[in-house]
Trainee: 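This structure is in structure tokens; I'll ask about it shortly.
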Amino acid sequence: MAYFGTKMSILLEKESKILSSLSNSPKSLSELAEELGAGFSKTTVHRIVSSLVKNGMVVANGSGRSGNYEITDLGRLLNPLFPEEYFQKEQDERRAMTSFNFQLFVTIREHDLFSQEEMRELYDRQREFEIRLNDLSPLLRQKEMERLAIDLSWKSSQIEGNTYTLLQTESLFKDAKEAKGKTKEEAVMLLNHKTALKYILDQPDYFDKLTVKKIEEVHRLLTQGMGVQSNVRKTRVGITGTNYTPLANEYQIKDAIQDLCNLINSKRNILEKALIALLFIAYIQPFEDGNKRTARIICNALLLANKYCPISFRTVEPEDYRYATLLFYEQNSIPSFKKMFMEQFEFSTANYF
């Protein structure tokens, strides 16, 4: 079922405020109207909540005055929270979800993440890319892929705090010249991206079906020589800036990453596969470090395995990427991250090859 393809895919401000209120705790219509204040009469609240119930984003518990309403996982996914507003509150003031939500696997398996209109737009971009690609010689294809690989390695590393510039990254890749004033670790991080990208480019069909082993292989390449333990972590990790705590039990982590592979392999929409991998590898945090880097490379491995344009993320601001990711961690809200993903896919299809 594709609720993301209905008019509810772009929620009105009042609907979002109601969903945000219900994400904190179940409430009756009267409690919602009282909390939200001006512009939210009981009649207005009843009309909006009834629509949300019909579309599967809110569920009713009980009836009459004793009844209340509760947000569903679909409602959380759809709620278009705005980072600039949400993050006005400090970490301990935000009413965040603090633990991993396994139910999301079920919800996303049952629902499409892109509306029909969004998919038409993305498919149009993909077709333009395919037409241009077919007109390029093998040599020009290789050069364009090298350019994209430099952009992706630079931006993916910058998101993680690497201070190399794009031109310094190009010099490192082409001339093996490390930038002055930069750490050895920064150069290693960038060169590991180059190695991991070559790995998936040399065998693109290998990633047509995703497995835990393949994710671990990419992670190992991205973190080699950086003192990061390979394979699924056995210890607890925390994430700076949020009270969301990833799974700590090794067996639960392994179950989650296997469930993720199953979910991705069950989807037919290639862009949906890529988006899910990008979000959930970071959300699960299966490794002690390098999770988001691994997510970005696996995202591209899935695209390349299905002859889709890879994504460089070149124009993403690191802060915007972080905020969109934290919104998913804390509220399971996907619109900000999906918007960023779509913009970057459109950028890549328009600027490479």
Side-chain angles (χ1 to χ4, degrees), residues 1-13 15-20 22-24 52 55-58 71-87 94-119 121-122 159 239 242 244 246 256 259-260 263-264 266-267 269-285 291-292 295-296 298-299 302-303 311 313 316 319-346:
M1 300 178 70
Y3 287 124
F4 283 84
T6 70
K7 66 179 181 179
M8 296 305 296
S9 61
I10 302 177
L11 295 172
L12 300 176
E13 182 180 358
E15 293 166 321
S16 180
K17 286 184 176 180
I18 286 175
L19 285 174
S20 296
L22 294 178
S23 70
N24 295 327
L52 293 171
N55 285 283
M57 285 170 278
V58 168
I71 193 171
T72 65
D73 286 301
L74 181 62
R76 291 185 185 279
L77 280 167
L78 275 171
N79 191 6
L81 298 169
F82 298 100
E84 60 272 17
E85 179 179 330
Y86 181 79
F87 290 105
R94 302 194 297 268
R95 301 190 66 172
M97 299 178 70
T98 58
S99 58
F100 186 86
N101 184 2
F102 272 98
Q103 185 61 31
L104 287 176
F105 288 128
V106 177
T107 302
I108 293 178
R109 187 184 296 274
E110 295 175 349
H111 301 282
D112 300 328
L113 296 183
F114 295 103
S115 69
Q116 293 179 358
E117 181 180 351
E118 288 169 339
M119 283 313 305
E121 180 180 345
L122 292 171
I159 290 171
I239 303 173
T242 179
Y244 164 70
D259 287 347
L260 173 60
L263 172 61
I264 289 172
S266 74
K267 290 287 187 176
N269 185 322
I270 307 306
L271 291 165
E272 197 170 357
K273 288 174 182 277
L275 175 59
I276 292 169
L278 191 60
L279 262 178
F280 270 84
I281 293 175
Y283 184 49
I284 296 169
Q285 296 273 312
N291 293 285
K292 293 193 295 297
R296 288 187 285 273
I298 291 294
C299 163
L302 293 167
L303 292 171
I311 303 175
F313 301 98
V316 168
E319 184 179 72
D320 292 341
Y321 192 103
R322 175 171 172 76
Y323 282 166
T325 303
L326 289 180
L327 273 180
F328 187 73
Y329 290 174
E330 295 191 0
Q331 298 296 333
N332 295 159
S333 172
I334 202 174
S336 287
F337 200 93
K338 185 177 75 166
K339 180 176 181 289
M340 179 189 69
F341 176 87
M342 292 179 63
E343 289 173 348
Q344 292 307 303
F345 182 74
E346 291 170 1

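Index from 1, following the sequence. Given the structure is predicted, the values throughout are model-derived calculations rather than measurements.
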Trainee: Given the side-chain rings of Y323 and F87, with only the six-membered ring counted for Trp, is the space between their centroids under 6.0 Å?
Mentor: yes

Trainee: What distance do M340 atom CE and E343 atom CD have between them, rounded to the nearest 0.5 Å?
Mentor: 9.0 Å

Trainee: Looking only at heavy atoms, what is the nearest atom pair of L113 and K338, with distance?
Mentor: O-NZ, 3.0 Å

Trainee: May I ask you to test the N79-Q331 pair for a side-chain heavy-atom distance under 4.5 Å?
Mentor: no

Trainee: Mind listing the closest non-hydrogen atom pair of A295 and A277 along with its distance?
Mentor: CB-O, 3.9 Å

Trainee: So, do L19 and V58 sit near enough that their side-chain heavy atoms are less than 4.5 Å apart?
Mentor: yes

Trainee: Could you check whether any side-chain heavy atom of E272 comes within less than 4.5 Å of a side-chain heavy atom of L275, counting everything from C-beta outward?
Mentor: no

Trainee: Nearest 0.5 Å, what's the CD1-CG distance between I298 and N291?
Mentor: 11.5 Å

Trainee: Take the angle between the ring planes of F100 and F102 and call it parallel below 30°, perpendicular above 60°, tilted in between.
Mentor: perpendicular

Trainee: State, with a plain yes or no, whether a side-chain heavy atom of F345 is found less than 4.5 Å away from one of M342.
Mentor: no

Trainee: How about CD on E117, more than 12 heavy atoms from neighbouring residues, nucleotides or ligands closer than 6.0 Å, or not?
Mentor: no

Trainee: For F341 and L271, which heavy atoms make the closest approach, and how far apart are they?
Mentor: CZ-O, 3.7 Å

Trainee: Going by atom types only, do N101 and D73 share a side-chain donor-acceptor pair under 3.5 Å?
Mentor: yes

Trainee: Any sub-3.5 Å donor-acceptor pair from Q344's side-chain atoms to I311's backbone N or O?
Mentor: no

Trainee: Roughly how far, to the nearest 0.5 Å, is NZ of K292 from CG of L278?
Mentor: 11.0 Å

Trainee: Are any side-chain N or O atoms of S20 and backbone N or O atoms of K17, one a donor and one an acceptor, separated by less than 3.5 Å?
Mentor: no

Trainee: Hey, are the side chains of H111 and T107 touching, using non-hydrogen atoms and a 4.5 Å cut-off?
Mentor: yes

Trainee: Does atom CD of E85 have more than 12 heavy-atom neighbours, drawn from other residues, nucleotides or ligands, at distances under 6.0 Å?
Mentor: no

Trainee: I'd like to know if the side chain of K273 and the backbone of L302 have a donor-acceptor N/O pair within less than 3.5 Å.
Mentor: no

Trainee: Is the Y283 ring parallel, tilted or perpendicular to the F328 ring (thresholds 30°, 60°)?
Mentor: perpendicular

Trainee: Is the shortest heavy-atom distance from the side chain of I276 to the side chain of I108 under 4.5 Å?
Mentor: yes

Trainee: Say you draw a straight line from OG of S333 to CG of L81; how long is it, rounded to the nearest 0.5 Å?
Mentor: 4.0 Å

Trainee: Please step through side-chain contact (heavy atoms from CB on, under 4.5 Å) for the pair D112 and M119, ending with a clear verdict.
Mentor: CA-CA 10 Å; D112 300 328; M119 283 313 305; over 6 Å; no

Trainee: Which heavy-atom pair separates E330 from Y86 by the least distance, and what is that distance?
Mentor: OE1-OH, 2.5 Å

Trainee: Would you please test M97 and R76 for side-chain contact (heavy atoms from CB on, under 4.5 Å) and show each step?
Mentor: CA-CA 11 Å; M97 299 178 70; R76 291 185 185 279; 3.6 Å; yes

Trainee: To the nearest 0.5 Å, what is the distance between CG on L279 and CD1 on I334?
Mentor: 5.0 Å

Trainee: Any donor and acceptor pair, going by atom type alone, linking the side chain of T72 with main-chain N or O of G56 inside 3.5 Å?
Mentor: yes

Trainee: Restricting to non-hydrogen atoms, name the atom on P246 and the atom on I239 that form the minimum distance, rounded to 0.1 Å.
Mentor: CG-CD1, 3.7 Å

Trainee: With the side chain counted from C-beta on, respond yes when L122 and E346 share a heavy-atom pair under 4.5 Å apart, and no when they do not.
Mentor: yes

Trainee: Please give me the minimum heavy-atom distance between F105 and A256, naming the atom from each residue.
Mentor: CZ-O, 3.5 Å

Trainee: Decide yes or no on side-chain contact (heavy atoms from CB on, under 4.5 Å) for I264 and F280, but give the supporting numbers first.
Mentor: CA-CA 10 Å; I264 289 172; F280 270 84; over 6 Å; no

Trainee: Carefully, step by step, assess N55 and L78 under the rule side-chain contact (heavy atoms from CB on, under 4.5 Å).
Mentor: CA-CA 11 Å; N55 285 283; L78 275 171; over 6 Å; no

